[in-house]
Protein chains: 2
Amino acid sequence: MGVSLKDVAQRAGVSVKTVSNVVNSYPHVTPQMRARVQKAIDELGYRPNLTARHLRKGRTGIIALAVPELGNPYFAELAGAVIDAAARHDYTVLVDHTAGRREREIHVSQGFSSHVIDGLILSPIHLETEDLTGRDETVPLVLLGEREYEAPYDHIAIDNVAAAREAVRHLLSLGHRRIAFLGSRTGHERQPAHMRLRGWREELVAAGIEPDEALVVVTDGYGRADGAAAMAALLDRGERPDAVFAYNDLIAIGAMRTLTERGLRIPEDVAVAGFDDIEDGRFCAVPLTTISPDKSAIARLAVDRLTARLTGQPPAEPRRERPGHRLVIRDSTAGRSR
Amino acid sequence: MGVSLKDVAQRAGVSVKTVSNVVNSYPHVTPQMRARVQKAIDELGYRPNLTARHLRKGRTGIIALAVPELGNPYFAELAGAVIDAAARHDYTVLVDHTAGRREREIHVSQGFSSHVIDGLILSPIHLETEDLTGRDETVPLVLLGEREYEAPYDHIAIDNVAAAREAVRHLLSLGHRRIAFLGSRTGHERQPAHMRLRGWREELVAAGIEPDEALVVVTDGYGRADGAAAMAALLDRGERPDAVFAYNDLIAIGAMRTLTERGLRIPEDVAVAGFDDIEDGRFCAVPLTTISPDKSAIARLAVDRLTARLTGQPPAEPRRERPGHRLVIRDSTAGRSR
DNA sequence: CTGAAAGCGCTTACAG
DNA sequence: CTGAAAGCGCTTACAG
């Protein structure tokens, strides 16, 4: 069907090797030879078959990125950053989303398209350490995000505990004492929200305040609707926090929705802080205070770790990289200080 | 490096063909033979090399989706829908974003990774019809979105003119007369905003109102910041619309930000309607009235058209598909009617 | 129902 | 500086 190297070689009256040399800009080809071959290439409209090249070279130039949900702006923004970072290394990115479902995460982690991807960046939600044993070790894996694993993989994540503490400290500094946490999860220690919840607890204790577990709300998911429902549930059971620290911005935005509907003012009645610094938060009616992870650093580090392993560097120890973050104070906690 | 079919065949003491038959669940294999081969597969940890299969079959099972910006929730949500729709056809999706830059769109449209993708779904911003001539016709292309092309490709887009007219009609029905349009573009007829702007004009004329071009604001981009700037520019030059129809929800959200900052109430002072129905709009302090395109229908139709061409069906005429849309009325135009 | 062989389109030692 | 040949790991007629 397509035009092959052989066709070009025939047309140019040279060997396949010579055409290959030209296509790959091999330096030692005489200019007139190059011109002759190029002419044949143009006339025939030849385009190299990358699949064949991949088979031959044993690599494809494709890395996969699997995130829980592309509809979550944090992951969409991160995916964009990964695509850009990968492009700088001449890699193409295959984006998949797992809906946070463990079986999809397992499938992906085990190299969902065997031999079509050179490496994988995975941001898990429900994946467990044991799911990671017995995976095909020929495909390097870089883990992203808050979950901790006892498995020998590079892991890129900001310091979630420290970041959460900063957010809570900020709320405390404004005089808030009844600070709710929205977006916890039931289940064991390694739940995604664990670190941020721990930061909430630690900072309260450090301030001499007993963490009130009645102010911790479990949500079903991580979306705006979950945040709205969580806030409503909290208010409905008679709790009246003076501040809310949400697992992420979406939950915070949902919570603000409920607060507004209930006639509570932000931040006068209830201050709200989130986590992720998605663009939505900057344009809310009341712009949202949040922890801003350095997304482009996360993307860059992830791609760098992957390409380092891909280019056969000495198989270094799995590394724990901690990209930066910062607290961004906006009206949802600070009043009209913008 | 990897374990190949041949290794498995050797171990099981059968021919390569037999192993291939087992791997591909070819029906006519005796159970005991299947068991024997499966045992060898398990022992060796064999995993088929998809690249080789792809080379052999001439297809890869990968389709590419190129959108302007993954950071725009509309495209992120659409990408998620395309990934899901493609999975139902056993296709994997390679997501790329073009930043709306024409040269990236050209690159992508010409099959950026030749022979690694079977087909392409492209949502262009600045691509021109002439950029589409001379592309490699072996890779089917489906176009998405508002731009019109005189090129023989399947094109999936809601009826943008009709949808825009519905939005404007809704605003008119509420008594608004000075309705601004935010998010126009300079340049020729085929600019992306053209159809929606045309809908705005047509509906005003139909209502016996002379479209006031002073109420049309050109923006640099399609983000929240552009909407905020556009609204500020409009107010700064002394125009005071009683309603705003924005090219998309992001621009509408940005505009609402500016209106709130200027102390104007929504919808009492200025009603606002957007386009896209992204989730953000549902959770704004003032939930946003918008045109809701049927994203999953768009995704499904796009993937269906592509797979139809991929599975060698009679090369039908390029089709123009019109998925549905509906007007979703929320507080930003309707007051407290939720 | 299974085997031996060709070939998808490349790249890469190996010669010359 | 260029050519002839092998081989990456599959699938698929073609035999039997």
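Everything quoted here is computed from the prediction, not taken from an experiment. Lettering follows sequence order; numbering is per chain, from 1.
You'll find the side chain of B/Asn49 reaches within 4.5 Å of the side chain of A/Leu55, heavy atoms only. The shortest distance between side-chain heavy atoms of B/His97 and B/Pro68 does not fall below 4.5 Å.
Under the Watson-Crick and G-U wobble criteria, each requiring two contacts below 3.5 Å, nucleotide D/dC14 is paired to C/dG3.
Residue A/Arg56 is classed as a base contact, given a heavy-atom separation below 4.0 Å to a base. Using a 4.0 Å heavy-atom distance criterion, B/Lys6 is classed as making no nucleic acid contact.
Closest contact between the side chain of B/Arg53 and the listed nucleotides C/dC10, D/dT11, C/dT2 involves D/dT11. Checking D/dT11, D/dC8, C/dC1 against the side-chain heavy atoms of A/Leu55 singles out D/dC8 as nearest. Proximity note for B/Ala52 (side chain, C-beta onward) versus D/dC10, C/dG3, C/dC1: the nearest is D/dC10. Ranking C/dT11, D/dG3, D/dC1 by closeness to the A/Val14 side chain, first place goes to D/dG3. You'll find that the side chain of A/Lys57 is closest to C/dT12, out of D/dT11, C/dT12, D/dT2. The nucleotide whose nearest atom lies closest to any side-chain atom of B/Lys17 is, among C/dT2, D/dC10, D/dT12, D/dT12.
Applying the 4.0 Å criterion to OP1 and OP2 of C/dC8, one finds that A/Thr51 has every side-chain N and O outside that range. Between B/Ser20 and D/dT11 there is a side-chain polar atom (N or O) within less than 4.0 angstrom of OP1 or OP2. Distances shown here put a side-chain N or O of B/Ser15 below 4.0 Å from the OP1 or OP2 atom of C/dG3. A close approach under 4.0 Å does not occur between any side-chain nitrogen or oxygen of A/Thr18 and OP1 or OP2 of D/dC1.
We find that CG of B/Leu5 is positioned 16 Å from C1' of C/dA6, with the value rounded to whole Å. As a whole-Å value, the separation of B/His28 NE2 from C/dG3 P is 16 Å. Taking atom CD1 of A/Ile41 as the reference point, atom C1' of C/dG9 lies 14 Å away to the nearest angstrom. As rounded to whole Å, 8 Å separates atom C1' of C/dC1 from atom OH of B/Tyr26. Computed from coordinates, the B/Gln10 CD to D/dG9 P distance equals 13 Å when rounded to whole Å. Separating the CG atom of B/Asn21 from the P atom of D/dT11 is a distance of 10 Å, rounded to the nearest angstrom. The CG atom of A/Asn24 sits 15 Å away from the P atom of D/dT2 (whole-angstrom rounding). D/dC10 atom C1' lies 14 Å from atom CG of A/Asn49, rounded to whole Å.
For the pair A/Ile158 and A/Gly324, the tightest heavy-atom approach, listed with the atom from each and the gap, is CG2-O, 3.5 Å.
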Can you list the steps and then say if B/Glu105 with B/Asp131 is a side chain to side chain contact (heavy atoms under 4.5 Å, CB included)?
CA-CA 9 Å; B/Glu105 293 178 345; B/Asp131 299 331; over 6 Å; no
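Judged by the 6.0 Å and 45° rule, B/Lys17 forms a cation-pi pair with B/Tyr26.
Only one option out of A/Arg320, A/Arg309, A/Arg319 pairs with A/Asp154 in a salt bridge (Lys or Arg N to Asp or Glu O under 4.0 Å); it is A/Arg309.
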